[in-house]
Number of protein chains: 2
Amino acid sequence: MMTKTKTEAAKLPLNQILCGDSIELMNSLPEGTVDLIFADPPYNLQLRGDLHRPDNSRVDAVDDAWDQFASFKVYDQFTQEWLAAARRLLKPNGAIWVIGSYHNIFRVGAALQNQGYWILNDVVWRKSNPMPNFRGKRLTNAHETLIWASKDENSKYTFNYEALKALNEGTQMRSDWVLPICSGHERLKNSEGEKAHPTQKPESLLHRVLVGTTNPGDVVLDPFFGTGTTGAVAKKLGRNFIGLERDAGYIEVARNRLGKVRKFDSESLEVTKSKRAEPRVPFGQLVERGMLSPGETLTSLNGRHSARVRADGTLIAKDVRGSIHQVGAALESAPSCNGWTYWCFRRDGKTVPIDLLRQQIRSEL
Amino acid sequence: MMTKTKTEAAKLPLNQILCGDSIELMNSLPEGTVDLIFADPPYNLQLRGDLHRPDNSRVDAVDDAWDQFASFKVYDQFTQEWLAAARRLLKPNGAIWVIGSYHNIFRVGAALQNQGYWILNDVVWRKSNPMPNFRGKRLTNAHETLIWASKDENSKYTFNYEALKALNEGTQMRSDWVLPICSGHERLKNSEGEKAHPTQKPESLLHRVLVGTTNPGDVVLDPFFGTGTTGAVAKKLGRNFIGLERDAGYIEVARNRLGKVRKFDSESLEVTKSKRAEPRVPFGQLVERGMLSPGETLTSLNGRHSARVRADGTLIAKDVRGSIHQVGAALESAPSCNGWTYWCFRRDGKTVPIDLLRQQIRSEL
DNA sequence: CCCTCTTATGAATCTTAAA
DNA sequence: TTTTAAGATTCATAAGAGG
């Protein structure tokens with residue numbers, strides 16, 4: 001295990017925010033002194049005109065100058081430079097996390113690999129409450145991607161397997177994390193009541209990253225500090241942070257925020273257990289999974305009606321088409337109907353409610 | 001809309017598997033003739049030595065010769081070549097899906113963008129039953145990533161929004177798909193009872209891809225056909241497939257598989273249509289047909305505004321006149337307004353949206 | 001204080017046929 | 001090809017207002 005001299009470590013501006021260009025600042029810090037880097041670089045969204053919700057309200061888009069790049073080539077150049085500066089700072093056993101979307105993450109991932117970083121996992125942050133696709137032209141963009149990589153293939157990176165397992169109610173932490181976006185009181189506001197930063201990340205995300213891949217006392221550097229989520233969670237968890245940020249306004253918000261943060265009592269790092277509701281199972285999944293086939297006939301529990309399954313998970317009966325619930329309700333002239341218990345299928349000569357198939361899927365989740 | 005001549009289309013080997021090098025075979029096919037490409041390219045896994053479970057049984061890893069690449073450079077070269085050949089085959093409004101893991105997907109994504117493909121979504125296949133990480137050194141690798149991209153930025157790609165929404169029981173389909181891995185009876189075995197292909201994809205995944213982004217009769221090409229999941233689902237769903245595969249053994253398994261597959265009946269392949277596909281009805285027709293009378297008053301859905309119908313199918317309100325949409329937008333100070341759902345008329349003491357009258361006309365067409 | 005209803009909002013590459 | 005106008009389109013949360 002290599003360790004740096006006290007002199008070099010003393011040069012580290014621990015638990016401070018430095019104002020300036022990330023790449024220049026990183027190049028001015030002593031090499032091989034940082035345990036973990038968490039980076040939330042500009043995504044290069046390339047947005048065009050305005051977007052309105054169906055209720056005609058305007059979406060407050062990320063149109064800040066810092067997210068504008070002239071071309072992929074310019075963006076790649078920027079990415080290569082900051083990743084190289086970051087790698088120089090890492091201890092031999094250090095690691096990096098980078099978060100992004102499909103606009104930029106493929107370029108970031110390829111650059112990481114090209115520079116000798118060793119990808120350990122890609123992690124999907126599945127947002128429980130993403131913004132919908134208002135025009136119905138694409139899938140709801142419901143996730144962002146994080147890449148976790150060590151400095152090189154031989155790094156003995158930090159991974160707190162048992163801690164993450166505990167966070168996940170006793171089973172191995174997976175590469176997909178379901179967490180809500182940052183909203184409500186957690187979302188920092190400026191004096192006008194507007195959001196202080198357009199892309200503030202939730203503390204729950206950083207909590208999982210830092211608990212899982214750092215130890216107390218480690219040095220965590222964030223080159224795109226923004227309003228300081230990385231610093232706030234690091235301080236709570238007893239890690240040291242270094243924040244780099246170009247925008248003085250963001251820094252002011254972050255300093256104010258960090259001043260209010262207290263380190264958790266080390267004994268009381270209690271695990272917030274997520275209550276798991278019964279997962280919703282769309283009827284269409286039964287069709288996709290081949291448990292029911294398009295064209296197959298379902299019969300109602302009372303035997304009075306029948307309907308046929310379509311490839312998109314809707315039913316078609318005499319004069320009616322729609323979801324299992326809609327068609328059931330229409331045929332019974334009822335205001336509503338629980339299609340799961342109303343409709344039955346035949347297997348091995350027996351008539352069975354389709355709810356049985358839903359239970360089968362739930363048991364697999 | 002560009003369409004190819006019968007001569008060119010006739011050259012397409014529909015619903016066949018061609019044996020040989022994917023890139024050479026693609027280059028031999030007529031350009032601009034394919035609606036959708038689904039590709040599951042080699043992953044470049046770079047596994048170091050054998051992997052053993054805690055009980056010392058050996059994991060049957062993906063270590064076949066076709067998955068070994070000397071370096072990222074060689075892999076990138078290969079990727080660029082097959083993506084270019086694929087792009088040449090696509091119709092102007094065609095699209096591509098590529099699936100991969102963190103070992104290769106970042107390089108594939110960057111190459112797609114560099115070649116002018118336009119990324120529409122990245123999709124996470126969240127496996128409900130992944131293989132755990134036996135050594136407890138990383139997170140359980142519980143997902144794979146798919147990229148959906150159109151041929152270029154201006155392609156009018158196929159997206160069956162309503163069908164996917166129906167598959168998801170009425171709410172927008174998201175970019176994270178929870179589906180089980182391919183196992184059990186679906187997993188093809190060879191004569192020794194071993195799995196016939198190391199990375200066979202579940203049919204449920206292809207079902208969602210093909211229902212969502214193709215129409216019946218479309219041509220779907222898979223350049224890494226393997227044991228033919230793409231072909232099997234395409235055949236079931238009434239799409240045409242072209243399979244390219246180098247390994248004669250896989251082809252034999254796939255041919256056998258496809259021989260047993262039957263197409264679902266056409267009616268159940270019909271999918272919930274989007275309103276955009278419905279014929280346009282000029283508002284003036286309602287007046288011409290006497291469903292509304294000139295001089296009659298319409299009120300807005302929120303009850304705040306009213307306007308009177310004129311003989312030419314325009315509305316007149318305080319200070320504004322124009323189409324149902326224009327007047328609605330002006331009164332609400334909104335950038336746009338769907339007049340069909342905004343305006344209501346009175347019949348038999350009830351207030352009804354004028355869209356009801358449009359539906360009446362459409363049902364007569 | 002509790003419950004209900006309304007309003008606001010989030011890293012977004014978000015229309016298309018007809019003239 | 002470019003321009004114009006029709007008209008299609010949202011989910012989960014949380015805060016705040018009102019009763």
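Here the structure is a predicted model, which means the values were calculated and not measured. Below, read A as the first sequence line, B as the second, and so on, with proteins coming before strands; counting in each chain starts at 1.
Remark: the A:His197 side chain and the A:Asp247 side chain contain no N/O donor-acceptor pair separated by less than 3.5 Å. Between A:Arg107 and B:Gln113, the side chains place a donor N or O and an acceptor N or O closer than 3.5 Å (distance only, hydrogens not considered). For the 3.5 Å distance criterion, the side chains of A:Ser183 and A:Arg187 fail to qualify, holding no donor opposite an acceptor. Side chains of A:Asn133 and B:Arg174: a donor-acceptor N/O pair is absent below 3.5 angstrom, by distance only. Between A:Glu144 and A:Ser101, the side chains place no donor N or O within less than 3.5 Å of an acceptor N or O (distance only, hydrogens not considered). In this model, no donor atom of one side chain and acceptor atom of the other lie less than 3.5 Å apart for B:Thr299 and B:Trp343.
Within the 4.0 Å cut-off from OP1 or OP2 of D:dT9, not a single side-chain nitrogen or oxygen of A:His52 is found. Not one side-chain nitrogen or oxygen of A:Asn129 sits closer than 4.0 Å to the OP1 or OP2 atom of D:dC11. At the phosphate of D:dA6, OP1 or OP2 sits under 4.0 Å from a side-chain N or O atom of B:Gln326. Taking only side-chain nitrogens and oxygens, B:Lys165 comes nearer than 4.0 Å to OP1 or OP2 of D:dT10. Residue B:His325 places at least one side-chain N or O under 4.0 Å from the OP1 or OP2 atom of D:dG7. Remark: A:Ser183 is not in phosphate contact with D:dA14, judged by side-chain N or O atoms under 4.0 Å from OP1 or OP2.
Counting any heavy atom pair closer than 4.0 Å across all strands shown, A:Glu186 reaches no nucleic acid atom. Within the nucleic acid shown, A:Asp40 comes within 4.0 Å of at least one base atom, counting heavy atoms only. Looking at heavy-atom distances under 4.0 Å, B:Arg358 makes contact with sugar-phosphate atoms alone, never a base. Across all strands, A:Ser101 comes closer than 4.0 Å to no nucleic acid atom at all (heavy-atom distances). Within 4.0 Å (heavy atoms only), B:Pro282 reaches no atom of the nucleic acid at all. Heavy atoms of A:Thr140 sit nowhere under 4.0 angstrom from any nucleic acid atom. Across all strands, A:Pro41 comes closer than 4.0 Å to base atoms (heavy-atom distances). Nucleic acid contact class of A:Trp66 (heavy atoms, under 4.0 Å, all strands): base. Using a 4.0 Å heavy-atom distance criterion, B:Thr341 is classed as making no nucleic acid contact.
Glycosidic torsion of C:dT13 falls within 90° of 0, placing the base in syn.
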- Reading DNA chain C 5' to 3', what string of ( ), [ ], | and . shows its pairs, if Watson-Crick and G-U wobble pairs count only when both distances fall under 3.5 Å? .|||||||||....|||||

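In this structure, OH of A:Tyr75 is placed 11 Å from C1' of C:dA11, rounded to the nearest angstrom. For the pair B:Asp176 CG and D:dC11 C1', the interatomic distance rounds to 13 Å; values are reported in whole Å. Per the geometry, NE2 belonging to A:His143 stands 19 Å off P belonging to D:dC11, to the nearest Å. At whole-Å resolution of the value, CZ in B:Phe159 and C1' in D:dT9 are 12 Å apart. We find that CE of B:Met173 is positioned 15 Å from C1' of D:dC11, with the value rounded to whole Å. Atoms CG (A:Asp64) and P (C:dA11) sit 12 Å apart, rounded to a whole Å. For the pair A:Arg187 CZ and C:dG10 P, the interatomic distance rounds to 6 Å; values are reported in whole Å. Atoms CG (B:Leu315) and C1' (D:dA6) sit 14 Å apart, rounded to a whole Å.
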- Please walk me through it: do A:Phe225 and A:Tyr250 pass ring-ring contact (aromatic ring centres under 6.0 Å, His included)? CA-CA 8 Å; A:Phe225 201 62; A:Tyr250 294 156; over 10 Å; no

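Nucleotides C:dT7 and D:dT10 place their C1' atoms 15 Å apart, quoted to the nearest Å. Comparing C:dA17 with D:dT9, their P atoms sit 14 Å apart, to the nearest whole Å. Comparing the C1' positions of D:dA15 and C:dA11 gives an interatomic distance of 23 Å, to the nearest angstrom. Taking the C1' atom of each, D:dA17 and C:dC1 are spaced 15 Å apart, rounded to whole Å.
Toward the 5' end of DNA chain D, the nearer of the two residues A:Arg53 and A:His185, judged by each one's closest nucleotide, is A:Arg53.
Considering B:Trp125, B:Phe38, B:Trp148, B:Tyr117 in turn, B:Trp148 is the only one that fulfils the ring pair (Phe, Tyr, Trp, His ring centres under 6.0 Å) rule with B:Trp97.
Taking every side-chain heavy atom of A:Asp55 into account, C:dT9 is the closest of C:dT9, D:dA6, C:dA11. Considering only side-chain atoms of B:Gln172, the nucleotide from D:dC11, D:dA6, D:dG7 that sits closest is D:dC11. With distances taken from any side-chain atom of B:Glu162 to the nucleotides D:dT13, D:dT9, C:dA11, the minimum falls on D:dT9.
Ion pairing between a basic and an acidic side chain is recognised when a charged N comes within 4.0 Å of a carboxylate O; B:Arg126 and B:Asp176 show no such pairing. Salt-bridge check for B:Arg310 with B:Glu296: failed, with every basic side-chain N at 4.0 Å or more from each acidic carboxylate O.
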Acceptor/donor pairs from residues 272-280 of chain B side chains to any protein atom, 3.5 angstrom cut, sequence neighbours excluded:
{"from": "B:Thr272", "atom 1": "OG1", "to": "A:Asp312", "atom 2": "OD2", "distance (Å)": "2.5"}
{"from": "B:Ser274", "atom 1": "OG", "to": "B:Arg276", "atom 2": "N", "distance (Å)": "3.0"}
{"from": "B:Arg276", "atom 1": "NH2", "to": "A:Arg135", "atom 2": "O", "distance (Å)": "2.8"}

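A donor N or O paired with an acceptor N or O is found under 3.5 Å between the base of D:dA8 and the side-chain atoms of B:Ser336.
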- Produce a footprint string for nucleotides 12-19 of chain C: one letter per nucleotide, 5' end first; B if the base is under 4.0 Å from any protein heavy atom, S if only the sugar-phosphate is, - if neither. BBBSSS--

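Formation of a donor-acceptor pair under 3.5 Å by the A:Thr79 side chain with backbone atoms of A:Tyr75 is found in this model.
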